[in-house]
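Note that the structure is predicted; figures quoted are calculated from it, not measured. Chain letters run A, B, ... following the sequence lines, proteins first, then strands; residues in each count from 1.
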Number of protein chains: 2
Amino acid sequence: MPYQAPVSEFRYILDHVVGMDQVAATERFAEATPETVEAILTEAGRLCQDVIAPLNRNGDLDPARLENGVVRTSKGFAEGYKAIAEGGWVGISAPAEFGGMGLPHTLTTVFNDMISAACLSLGLNPLLTQGQIEALEAHAPDWMKQMYLPRLISGEWTGTMNLTEPQAGSDVGALRSKAEPNGDGSYAVTGQKIYISWGDHDFGGNVCHLVLARLPDGAPGTRGISLFMVPKYLPNEDGSLGEANTLKVVSLEHKLGLHGSPTCVMQFDGAKGWLVGEAHKGMAAMFTMMNNARLGVGVQGIGAADGAYQHALAYALDRKQGKTPVEGTGTIVDHADVRRMLLTMKADLFAARSIALACAVALDMSKATGEAEWEARAALLTPIAKAFGTETGMRAAETGVQVHGGMGVIEETGAAQYSRDVRVTAIYEGTNGIQAMDLVARKMADGGEAAQALIDEMQAVAEEARARNGDLGDPVWQATESLREATEWLVAQKDLNVRFAGAVPFLSAFARVLGGHYHLKAAMEEAEDGPRTKLARFYINRLLPEHVGLLAQSMVGSTDLYALRPEEMYA
Amino acid sequence: MPYQAPVSEFRYILDHVVGMDQVAATERFAEATPETVEAILTEAGRLCQDVIAPLNRNGDLDPARLENGVVRTSKGFAEGYKAIAEGGWVGISAPAEFGGMGLPHTLTTVFNDMISAACLSLGLNPLLTQGQIEALEAHAPDWMKQMYLPRLISGEWTGTMNLTEPQAGSDVGALRSKAEPNGDGSYAVTGQKIYISWGDHDFGGNVCHLVLARLPDGAPGTRGISLFMVPKYLPNEDGSLGEANTLKVVSLEHKLGLHGSPTCVMQFDGAKGWLVGEAHKGMAAMFTMMNNARLGVGVQGIGAADGAYQHALAYALDRKQGKTPVEGTGTIVDHADVRRMLLTMKADLFAARSIALACAVALDMSKATGEAEWEARAALLTPIAKAFGTETGMRAAETGVQVHGGMGVIEETGAAQYSRDVRVTAIYEGTNGIQAMDLVARKMADGGEAAQALIDEMQAVAEEARARNGDLGDPVWQATESLREATEWLVAQKDLNVRFAGAVPFLSAFARVLGGHYHLKAAMEEAEDGPRTKLARFYINRLLPEHVGLLAQSMVGSTDLYALRPEEMYA
C-alpha cells in the first residue's frame, strides 16, 4: 500500500499533546499560524506520499554505486531530490535572511517524519543539510554564511558531516585527520573519513563537507579538534563552481540497508578548507549539528515505524487466513495476536512521535524565549527521542515482518526493507548506548532537576486524569512515581559507571512512562470512547507495565557486569 | 572469529541442569553412556567448527540459484553436506535397524544447535530429513520404510515438507493440492506448494517430498487432508534412481536471509506419490514431523544466538574505543553497556538452550518410558522452546549488530548476516504467535496440569536455593508464584480469544521464569563464585524482572484489542 501522510494525526499531537500553541505565541515564531501549519503539513504530506514514497523500493533494488570515482544514485532519486529542494523543504526552519522559511523546528521535525516514512535513504540527504545549516548559522564566519547558507537552504548544494575514522568512532577524540594553515586563511585538510552518508551524489551543485581535523598545535583528544568547511568544488566569488578540491570518494560501503544512501569512505589529500568557529573548538560547533541530527535520527526511526505500520496494516486488512472466534473483516486483522501486534506498533509510534515533537517544541521555545528551562528540557529529551524513536522503528519494522508471516522475509513485499533500512539509526549519530550514557551523566549533571521537572508535569496530568479516566490516570501516576524514585537513585550514584550500568534500561523506562503521559494527554482531550482513548488504554494496560522490569534493571549497579572475567565470557 | 563448539557448556547443561542421566538410565537409551555422549559432542563439535562454519559466508554471498530448472547450491555446500552424511549425523537418533545410531534426541538437539551456529542455511537440510525420518518411522507402510529410511538416514537422500500454498499458510486446511488414485496403489499428486526449504539441490541422490494433498473424497478443512511421499526420482526396486517424477522447481524466493538454503516454489503435475499413514489422517502424520521440527527450529534460533554471541564477543575483545572508568582489557568489553549487551546475549542463550534441551530430554523420556507425564512435559515445552529459542536468536543477533557499532551494518563483518538468517525462524514451522496460541489452548486443555507440575518443580528448586543462594532463590520463587497465578487465570478463561489475547506475552513470561529456574539449577551445582553463579545473578537481577510486565500484559483480556475499529487503525 502506498504511504499516506498522517496529517490529521500530526495536527492532533501538535494541538493537543505537545503544546505547539506556545511556540506560535512567541514573537519569533509568530508566523507559525494555524493556517501556515496546516499548509505546511498538507503540502509536505503530498510531496512525501506522491513523489518520494514511490522511490523507496528503487533505493533498495538499485543501490547508489561508485562509477569512476563518482556516485550514481538510485533511479528517480535526482528528480525526487529536485522536488524537495524546489519546494523549499530543506529550509523550513532556516533563517529567512538567507532564504529559509524561518518556521519552527517542530515543523521540520514533522517533515522529517514524513519523508523518513516515505523513503528513509533519500530523506537522510536533506536531514544532513539541515544540520549543516544550523552549524554554519551558529559558528561560521560571515563570508561563509553569505556563500554557503543561501545555496544549502535552497537545496542547490548539500551538506555532510565528516567525523568518523576507522580508529575514531564513538571516541571522536582519537581522530588523526590533520589541517595545516595555507597562509591565506585557508587550510590543507588531510585524512580519511568513513561512514560519510551522502558523501557524493549526482544531483548537481556542490557537496559541502564539514570535517573534523586537528591543527598542528591541537592538543590530543577532543579538545584539540577543529571544524572545517571543505567543499567538493572550490566556489568562485559569484558562487559558481570552481575547480575540484583534492578530495575523493574511495569506496562505498556494502550495507544491510539504506542502499539508496551512498555511505562513502572519503579521502582528503591536502584539500582546501576553512575554519568554522574557533580553532580547537570544533567539537562544540559539531555538537550544534549533532544535537539537531540526533533528534532527526530519532525521527527517522519514527517515520520508518509509520511506514512499516501502514505497510503491515494494509497487508493484514487484505490477507485472509484461518477462522477466528470473533466476527469481523474476514481478514487476519480479526486474530487477537495480529491486533496485538498492529496496536503495539501504533501505540509505540504515537508515544515516540509525541516525545520527538515535545523535544522539537522545547528546542523552539528555547530559541524563542532563551529560557534555561526550555533549553534543559530539549537537552533532556534529545537522547530519549533519539534512542526510543529508533528502537520504536526497529521494533515496529520487526513486528511488521512478523505480521506478514512467510511473506515477511520475501524481499519483494518490502516489509523486510523497513527493518534493514532502519537498523543503522540505532547506531549512527551516537549509538543508543551513547544516548543513554548522555542521559544519565551529562543530562543529569543538574542533579536531576530537568528530569524531575518533567516528572512533576507528568504527575500533574496524571492527577488530573484520575478524576476523569481513573483506570488510565492511576497506572500512569504510579509509573511516574517509580520513575521519580529511580531518577533519584541514579542521581545519587557518584560512581558514573553505576549509572552507565543501568543507562539503557533507564532510558527505555523513561520513554515508556513518558509515552504513557502523552497517551493520557491525548485521551483527556476527546470523548471517553474516542479512538485515542482506546489506544491509550491499550498502551497503558499492556506496554506501560514494561517499565517495572526496566527500572529494576537500571538500579542493579555495575558489580554484576564485571563479575565474569573476559576469559569466562566464552562458553 | 571462527565458531568454537561449546562442548563443555553442553556437557554441563546435560549433566547438571536438564537431567540427561535419567535418559541414559533407561533401557532404550542405555547406549548413551557418558563416554558416548562425550564422543558425540566432541566429534560433532569438530565437524561444525572446522568443516561447516567456514561455509557460512559463502551461503550468503553465493546464494543457491535455479539454473535450467535445477538448484545449484552455494560454493562448498555439497562437500559440507557430504561430511555431514558420511559422519552419520543425519541419523543420530534414527532407528538402528535402518542404520541410525539410535541415540537420544537430546544429542540430535545438541548437534542441531552446533550446526545452526556454524551455518544455519546448510544445517536446515539435515534438520528437515530428521523430521521426515520420524514421520516415516511412525506412519509409513513397511515397504516404504525399507526403501526410504536407510537412504535418508545415511544422508544419501534428503527430505522436505510440503505444506504451504499461497492461500494456505497458518491455515493448512485451506490447501487445494489434490491426489487421485492411479489404481496401482499410487496416487497422482497435483498442486503448487510454496516456501519449500531445500526443495532441490545438487548433492546427488533423491529429494523425498512429503506432500499434503486432498483425496477426491477428502472433506474440506484439515480433516480431509492426506500425506504422500512424492520423490523427485521414482526409485527402482533396488533403490537406484529411476525416471524423474512429474514435479519441478518453478522458482526460488529472494529472501532477507538464509540465502544458502533454496526456498522453492514446487509444482506437482500428477506426480506419482504414495500414501503415508491413513487416508485423511495426513495432519496427524505431519504433526509428528512438525513437532520435531518445532523444537529443531527453536534450536536453530539458539544456535544462531551462539554464533552471533561468539562473533560479537570476539569483536568486542579486539576493538579499542574510548576510555572507561574501570581498568580492564583496554577494549570495548570494559564499557558497562557493552558488558550488559554481551551478558544479556549469553544469559539468554543459556536460558533458551536449557529449555530446548529439557524439552529434548522430556521427548526421550516419553519415548523410553511411555509415561504420560513426560509426554505432557515435552508437549508443553515444545512451543516455548520454539518461540523463545527463535526470539533469543533474533534478539542476540540484533544485539550482536549493536555491539559492532557502525561495523554492524557493514555486510562484510558478518554480524548482520546472523540477524537476516535467523529472522525466518520466528515465522516458519508455525509463527511464534501460533506457538503461543498452542501453549495457552491445546497445551492447557489439561486444565493447566502439565504447566503447574513444571511450576511445582521450579518452586521446589527455588525453595532449596533460598537456603544457600537466598539472593537468587527468592526472586525466582516469587516469579514462579506470579507465573502460577497467571496460569490459573488463563486456564480459568473459557473464552479462548481471551487466552489468545495474552498468549505471546504469557509464553515469553513463562520462558523468562523457566530460564531463571535453569540458571538457578546451574548455580546450585557449583561454588558460590563460579562463573555460572555470576551469570545466574546477572539473569535473575536484570532479565527475570521482565516477567512482571509480560504477565500483566497476558491478563488484560481481549476487549482492548477490538476496541479500535479497523478504519480507526489508520492514523
Mark yes or no for whether A/Tyr570, through its side chain, and B/Gln310, through its backbone, hold a donor-acceptor pair below 3.5 Å.
no

Counting only heavy atoms closer than 4.5 Å, note whether A/Ala174 contacts chain B via side chain, backbone, both or neither.
neither

Part of residues 419-426 of chain A lying next to chain B, heavy-atom separation under 4.5 Å
A/Arg420, A/Arg423, A/Val424, A/Ala426

Using modelled atom types only, decide if a donor and an acceptor are shared between the side chain of A/Gln321 and the backbone of B/Gln167 within a distance under 3.5 Å.
yes

For B/Val548, which residues count as a side-chain contact (heavy atoms from CB on, under 4.5 Å) partner, sequence neighbours excluded?
A/Val548

Taking it one step at a time, do A/Val504 and B/Met341 satisfy side chain to side chain contact (heavy atoms under 4.5 Å, CB included)?
CA-CA 10 Å; A/Val504 165; B/Met341 290 194 278; over 6 Å; no

Just give me the residue among A/Gly433, A/Ser170, A/Ser558 that pairs up with chain B most often, heavy atom to heavy atom, under 4.5 Å.
A/Ser170

Using atom types as modelled and distance alone, determine if a side-chain donor or acceptor of A/Arg339 lies under 3.5 Å from a backbone N or O of B/Leu564.
yes

Quick check on the interface: out of A/Asp337, A/Asp529, A/Val556, who has the most heavy-atom pairs with chain B under 4.5 Å?
A/Val556

Contacting region of B/Phe350 [heavy-atom separation from chain A under 4.5 Å]
neither

Thinking salt bridges, do B/Arg542 and A/Asp560 make one under a 4.0 Å N-O criterion?
yes

Go through the atoms of B/Glu398 and report whether side chain, backbone, both or neither lie under 4.5 Å from a heavy atom of chain A.
both

Answer key: most heavy-atom pairs under 4.5 Å with chain B among A/Phe500, A/Tyr195, A/Tyr562, A/Phe10 is A/Tyr562

Quick check: do B/Lys323 and A/Asp171 have side-chain heavy atoms less than 4.5 Å from each other?
no

Taken to the nearest 0.5 Å, the spacing of B/His404 NE2 from A/Thr431 OG1 works out to 14.0 Å

Part of A/Asn432 lying under 4.5 Å from any heavy atom of chain B
both

Region of A/Val401 in contact with chain B, defined by heavy-atom distances below 4.5 Å
both

Lys/Arg N to Asp/Glu carboxylate O, B/Glu568 vs A/Lys534, below 4.0 Å:
yes

At under 4.5 Å between heavy atoms, what parts of residues 326-333 of chain B are in contact with chain A? List them by residue number.
B/Val326, B/Thr329, B/Val333

Answer whether the closest heavy-atom distance between the side chains of B/Val409 and A/Tyr428 falls below 4.5 Å.
no

Can you sort out the partners of B/Thr344 under side-chain contact (heavy atoms from CB on, under 4.5 Å), two or more places apart, ordered by chain and number?
B/Arg340, B/Asp348, B/Phe538, B/Leu543

